[in-house]
Amino acid sequence: MIRKLVAETIGKIRRLHHVDGRSIGAICRRLGLSRKLVRKVLHSGTTESRYERAE
């Protein structure tokens, strides 16, 4: 099953890492996400997913 990463999930990942001091592995286990995805979110500067419509 493919899940869309929403702003709420991105916020949870960032909060768990920066505020609570949890490791990437702990975040993965808690949220059921891959390590690659969690690392990608933490290293990116974006806080929301964007959709741009071609005109």
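Side-chain atoms of L33 and T9, non-hydrogen and from C-beta on, do get closer than 4.5 Å to each other.
The structure places CZ of R39 at 11.5 Å from NE2 of H17, a figure rounded to the nearest 0.5 Å. The SG atom of C28 sits 13.0 Å away from atom NZ of K36, with the distance rounded to the nearest 0.5 Å.
For K12, the side chain to side chain contact (heavy atoms under 4.5 Å, CB included) partners at least two apart in sequence or on another chain are E8, R15, L31. Contacts of H18 classified as side chain to side chain contact (heavy atoms under 4.5 Å, CB included), with partners at least two apart in sequence or in another chain: R14, L42. The side chain to side chain contact (heavy atoms under 4.5 Å, CB included) check on R30 picks up L16, R22, with sequence neighbours excluded.
When each of I24, V41, L37 is paired with I13, the side chain to side chain contact (heavy atoms under 4.5 Å, CB included) condition holds for V41 and for no other.
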